[in-house]
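Working notes, structure below.
We name chains A, B, ... by the order of the sequence lines, and we start the count at 1 in each one. The model shown is predicted, which means the values in this text are computed figures rather than measured ones.
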Amino acid sequence: MNYKYTQQFRQALVEWFNREKRDLPWRQTTEPYHIWVSEVMLQQTRVDTVIPYYNRFIERFPTAETLAYAPEQELLKMWEGLGYYSRARNLQAGVREVVETYNSVVPDNRADISKLKGVGPYTAGAILSIAYGKPEHAVDGNVMRVLSRVLHIKEDIALPKTRKVFEEAVDFLIDPENASSFNQGLMELGALICTPTSPKCLLCPVRDYCIAFEAGDAAQLPIKTKKIKMKQLELDVAVIQNTEGHYLLEQRPAEGLLANMWQFPMVERNKESIDEKYNVAIEAKKPLMQFKHVFSHLTWHIDSYSATVKETGVLGEHVQWFTKEQIAQLPMPVPMLKIWSQVDV
DNA sequence: AAGGCGGGGAA
DNA sequence: TTCCCAGCCTT
C-alpha cells in the first residue's frame with residue numbers, strides 16, 4: 001500500500017478514541033457473549049436505538065446458556081421493534097451451537113467463529129478484536145466511508161467485492177497492540193466526525209493523514225451506486241372482536257418477512273376479502289387508521305378498521321382468538337402495534 | 001452478484 | 001423524499 005502515515009494514523013485514532021469514546025453499555029465489558037449480542041443488534045441499526053434493547057436483553061438473557069433454549073416467542077418479543085428479526089433467530093442458533101459444541105466458550109479464531117449462524121465477516125472481526133483483542137478486520141459501513149476518504153479509495157462500496165479492498169486496508173493499518181480501540185475508533189470516527197454528509201473535518205483527529213481532506217473531496221466519498229425502486233402493497237387490516245371480547249390474530253409463516261410474528265387479519269385490497277380468507281362474517285365495521293409502513297424493500301399502504309363477529313366457521317391453522325392480556329405477550333411488527341394502540345380496549 | 005430482510009433518525 | 005445505519009443469508 002502506498003500510504004505513508006500508518007504509524008501516525010494509528011496513534012492519532014487510538015488516542016482520540018480512548019479520549020472521546022461514548023459511554024455505551026457494551027463498552028463496560030469484554031465478555032464475548034455480551035459483545036456478540038451488541039454487535040448483532042447493531043447490524044444496520046443505530047446506537048441510540050440499540051441501547052434500551054441491549055440492556056433489557058442482557059438482563060433477561062445474561063449468559064449464553066440462558067439464551068440458548070429460551071422460547072422463540074419470548075425471544076422475538078424481546079426483539080420486537082428492532083427489525084430484521086432473523087437476526088434474533090440466528091443469534092440464538094449460534095449461541096446454542098457455542099453452548100453445545102464449544103462448551104459455552106465463544107471461539108477466538110475467525111475460522112470457527114465464522115461458522116456460527118448470523119456471524120459474518122464484520123461480526124466475526126468485531127467480536128475477535130473487541131472481546132479477545134485479536135488484530136482482525138471489522139469492516140462495516142462506517143469503516144468503508146472513513147477509509148474511502150483517508151486512503152482516497154474510489155471503488156463502488158455498493159459492490160460486494162469491494163469489501164475485500166477495505167479488509168486488506170485494515171489488515172495493513174490496524175494497530176496490533178490496540179486492535180479493539182483501533183476498530184472501534186474507525187467506527188466511532190465514522191459515527192461522530194466522518195459522517196456521510198458534511199463530515200466535520202476541522203474536528204477530525206486524523207485530518208493530517210487524510211488524502212481526501214488534502215484533495216478537498218472528502219464529502220464526495222465514498223462512491224456508492226444507486227439502488228432499486230420499492231414494491232408497493234395495499235392492505236386492509238381488520239381488528240375483529242367476538243362476543244366474548246376476544247380478538248382474532250394470525251401467525252405469519254415461519255419463513256420470509258416478519259417470520260413467525262403475529263398480525264391482525266390482513267388481505268390485499270380488492271383482491272381478497274377478510275370474510276372469505278378467515279372464514280368469518282364480520283359486521284359493525286368502524287374505521288381505525290390509514291397509514292404507510294415502509295420496509296427496506298417494500299411499502300405497505302394500510303387501511304385498518306375494527307369489526308365484530310357473531311359466529312365463525314373453522315379457523316385456519318395459524319389463526320386463533322386471544323384476550324388482550326395474551327396479545328400483550330405476542331411478538332408483533334410495528335405496524336400492528338400501531339393499529340392495536342388505536343383500539344380502545 | 002443481486003435481492004430479501006425492519007425500523008427509525010437525519011438532512 | 002432520500003439516505004443509511006457497528007450486515008447476513010439465500011439464490
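Among the heavy atoms of the strands lying under 4.0 Å from A:Val119 are primed sugar atoms or P, OP1, OP2 only; no base atom is included. Contacts of A:Arg27 with the nucleic acid, taken as non-hydrogen atoms under 4.0 Å apart, include base atoms. Within the 4.0 angstrom heavy-atom criterion, base atoms lie near A:Trp26. Using a 4.0 Å heavy-atom distance criterion, A:Arg145 is classed as a sugar-phosphate-only contact. Using a 4.0 Å heavy-atom criterion, one finds that A:Pro222 contacts no nucleic acid atom at all. At a threshold of 4.0 angstrom between heavy atoms, the contacts of A:Gly190 with the nucleic acid are absent. Residue contacts for A:Ser86: at a heavy-atom cut-off of 4.0 Å it reaches no nucleic acid atom on any strand shown.
The side chain of A:Val334 lies closest to B:dG7 when the candidates are C:dC4, B:dG7, C:dA6. Minimum atom distance to the side chain of A:Pro160 is reached by B:dA1, of the listed C:dC4, B:dA1, B:dG7. Residue A:Thr123 places its side chain closer to C:dG7 than to any other of C:dG7, C:dC9, B:dG6. In the set C:dG7, B:dA1, C:dC4, C:dG7 carries the atom at the smallest distance from any side-chain atom of A:Tyr84. The A:Leu257 side chain lies nearest to B:dG6 when the options are B:dA2, C:dC8, B:dG6. The side chain of A:Gln43 lies closest to C:dG7 when the candidates are C:dG7, B:dG6, B:dG8. Of the candidate nucleotides B:dG7, C:dC9, B:dA11, B:dG7 has the atom nearest to the side chain of A:Arg46. Taking every side-chain heavy atom of A:Asn142 into account, C:dA6 is the closest of C:dC8, B:dG6, C:dA6.
Nucleotides B:dC5 and C:dC4 have their C1' atoms positioned 15 Å apart, rounded to a whole Å. Comparing the C1' positions of B:dG7 and C:dT10 gives an interatomic distance of 22 Å, to the nearest angstrom. For the P atom pair drawn from C:dC9 and B:dG8, the interatomic distance equals 24 Å after rounding to whole Å. Taking atom C1' on both C:dC8 and B:dG9, the two are 23 Å apart, rounded to the nearest angstrom. Straight-line distance between the P atoms of B:dG6 and C:dT11: roughly 16 Å, to the nearest whole Å.
The cluster map of Ile, Leu, Val, Met, Phe, Trp and Tyr, joined by side-chain heavy atoms under 4.5 Å apart, puts A:Val294 and A:Tyr84 in different clusters.
For A:Met41 and B:dG6, the CE to C1' distance is 14 Å, given to the nearest whole Å. Separating the CD atom of A:Gln44 from the C1' atom of B:dG3 is a distance of 14 Å, rounded to the nearest angstrom. As a whole-Å value, the separation of A:Met261 CE from B:dC5 C1' is 13 Å. The separation between A:Leu258 atom CG and B:dG7 atom P is 6 Å, rounded to whole Å. Separating the NE2 atom of A:His297 from the C1' atom of C:dC8 is a distance of 15 Å, rounded to the nearest angstrom. Spacing between atom CH2 of A:Trp300 and atom P of B:dG4 amounts to 15 Å, rounded to whole angstrom units. Atom NZ in A:Lys224 sits roughly 5 Å away from atom P in C:dC4 (whole-Å rounding). Put simply, CD1 on A:Ile127 is 13 Å from C1' on C:dC8, counting in whole angstrom units.
Ion pairing of A:Glu167 with A:Arg163 is present here, as a side-chain N (NZ or NE/NH1/NH2) and a carboxylate O approach within less than 4.0 Å. Salt-bridge check for A:Glu72 with A:Arg89: passed, with a basic side-chain N closer than 4.0 Å to an acidic carboxylate O. Ionic pairing of A:Glu80 and A:Lys77 is present here: one or more N-O contacts between side-chain nitrogen and carboxylate oxygen are shorter than 4.0 angstrom. Using a 4.0 Å cut-off between a side-chain N of Lys or Arg and a carboxylate O of Asp or Glu, A:Arg60 and A:Glu74 qualify as a salt bridge.
For the pair A:Leu116 and A:Gln184, nearest-nucleotide mapping onto DNA chain C gives the more 5' position to A:Gln184. Along DNA chain B, the nucleotide nearest to A:Glu255 and the one nearest to A:Asp48 differ in position, and the one closer to the 5' end is contacted by A:Glu255. Along DNA chain B, the nucleotide closest to A:Tyr85 and the one closest to A:Leu159 are compared, and the more 5′ of them pairs with A:Leu159. Residue-to-nucleotide proximity on DNA chain C shows that, of A:Arg22 and A:Gly118, the 5′-proximal contact is made by A:Arg22.
Taking the six-membered ring wherever Trp is involved, the centroid distance between the rings of A:Trp26 and A:Tyr54 falls below 6.0 Å. Between A:Tyr247 and A:Trp321, a ring centre-to-centre spacing not shorter than 6.0 Å is recorded.
Residue A:His293 places no side-chain N or O under 4.0 Å from the OP1 or OP2 atom of B:dG6. Look at A:Lys231 and you won't find any side-chain N or O under 4.0 angstrom from OP1 or OP2 of B:dG3. Contact annotation: A:Lys292 side-chain N/O to C:dT1 OP1/OP2 distance is under 4.0 Å.
With hydrogens and angles ignored, no donor-acceptor pair closer than 3.5 Å exists between the side chain of A:Thr45 and the base of C:dG7.
For A:Glu15 and A:Gln11, the side-chain atoms include at least one donor-acceptor pair closer than 3.5 Å.
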